[in-house]
There are 2 protein chains.
Amino acid sequence: MYAVEELSKVLKVLGDSTRLTMLKQMEAGEQCACSFVDRFDISQPAISRHLKMLRQAGLLLERRDKQWIHYRLNETSPFYPLVTELLANLETVEPSCDCEPDCAM
Amino acid sequence: MYAVEELSKVLKVLGDSTRLTMLKQMEAGEQCACSFVDRFDISQPAISRHLKMLRQAGLLLERRDKQWIHYRLNETSPFYPLVTELLANLETVEPSCDCEPDCAM
DNA sequence: CTCTCATATAACAAAAAAGTTATATAACCT
DNA sequence: AGGTTATATAACTTTTTTGTTATATGAGAG
């Protein structure tokens, strides 16, 4: 059971096509931040801020590996069930992989 | 299956505590617009605009009865299943009924 | 026809969101 | 140490959202 303030805050974070696409991409597993920078037509700092919002909403966990940061869905978030269900009902977005060759995305 | 643009638009509309509370109230059945005006601490035009956003997202249907307009969840919306499930997982908000006595809410 | 009530729309102000460029931080590479 | 790459943060601008007050519309009541 979610409280109104809680849930509306999370839905607001989910209510953005860039962030929703990012999450859809992470549905498949951990994603390197660089893969988002490559995929979207916005600047790297903009990507970084979107990721921060998802992190601050508790939806993501990060893992540093060398100079790369990998993000994944936070399965322990109270909203994880909601997120996964939404993503399951979301059309697949074509994956992109213009990432650096040594980036272990 | 929802498209990203579609779903993110709907989630943005849902991502507001006033609108989410309105929907929760409509979960119980049709609600007179006046009941929202009474319940929330914002002006009548603000309420009207929130309702318009929900309507434009296809989530509501309206019915005019005399001078009152009654809103209800649109069961034929492709997002109706999503909405009902969200509402089912949303804590109840205490109902208010400071409405006009002859308002058939 | 005019008054009142419920609701919607218009015009505008304030606040929040989302983008940009410039710069900082952290890690790797030579 | 100094250069390069990945990511984050700061400062700022533009756009969007949300509210307000004033006004319009539509329906019932006298």
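Chain letters run A, B, ... following the sequence lines, proteins first, then strands; residues in each count from 1.
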[X] [atom1] to [N] [atom2], straight-line distance once rounded to whole Å:
X: A:Ile47; N: D:dA6; atom1: CD1; atom2: C1'; answer: 13 Å
X: B:Phe40; N: D:dT18; atom1: CZ; atom2: P; answer: 13 Å
X: B:Arg55; N: C:dT7; atom1: CZ; atom2: C1'; answer: 10 Å
X: A:Trp68; N: D:dT4; atom1: CH2; atom2: C1'; answer: 12 Å
X: B:Arg63; N: C:dA6; atom1: CZ; atom2: P; answer: 16 Å
X: A:Arg19; N: C:dA17; atom1: CZ; atom2: P; answer: 9 Å
X: A:Glu62; N: D:dA6; atom1: CD; atom2: P; answer: 17 Å
X: A:Lys66; N: D:dT4; atom1: NZ; atom2: C1'; answer: 16 Å

Take A:Ile42 and B:Arg49, find for each the nucleotide of DNA chain C with the closest heavy atom, and name the residue whose nucleotide sits nearer the 5' end.
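Its nearest nucleotide being more 5', the pick is B:Arg49.
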Picking from [options], which would you name as closest to the side chain of [X]?
X: A:Ser48; options: D:dT7, D:dA8, C:dT9; result: D:dA8
X: A:His50; options: D:dT20, C:dG19, D:dG19; result: C:dG19
X: A:Gln67; options: D:dT7, D:dT5, C:dA17; result: D:dT5
X: A:Lys52; options: C:dT7, D:dT9, D:dT7; result: D:dT9

CG of B:Leu73 to CD of B:Gln25: how many Å apart, nearest 0.5 Å?
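Reported to 0.5 Å precision, the distance equals 11.0 Å.
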How many angstroms lie between atom NZ of B:Lys52 and atom CZ of B:Arg49, to the nearest 0.5 angstrom?
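The NZ atom of B:Lys52 sits 8.5 Å away from the CZ atom of B:Arg49.
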Which part of the nucleic acid, if any, lies within contact of [X], taking any heavy atom under 4.0 Å across all strands shown: a base, the sugar-phosphate backbone alone, or nothing?
X: B:Tyr71; result: sugar-phosphate
X: A:Arg64; result: sugar-phosphate
X: B:Ala46; result: base

Any A:Ser43 side-chain N or O less than 4.0 Å from OP1/OP2 of C:dT20:
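Yes.
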Determine whether a donor-acceptor pair (one donor, one acceptor, N or O, separation below 3.5 Å) exists between the side chain of B:Gln44 and the base of C:dA6.
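Checked by distance alone, the answer is no.
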Can you list the residues that meet the salt bridge (Lys or Arg N to Asp or Glu O under 4.0 Å) rule with B:Glu27, with sequence neighbours excluded?
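Residues passing salt bridge (Lys or Arg N to Asp or Glu O under 4.0 Å) with B:Glu27: B:Lys24.
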Does B:Asn89 use its side chain to pair, donor to acceptor, with the backbone of B:Glu85 at less than 3.5 Å?
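At least one qualifying donor-acceptor pair exists.
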Are A:Phe79 and A:Tyr2 an aromatic pair, judged by ring center distance below 6.0 Å?
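Centroid separation for A:Tyr2 and A:Phe79: below 6.0 Å.
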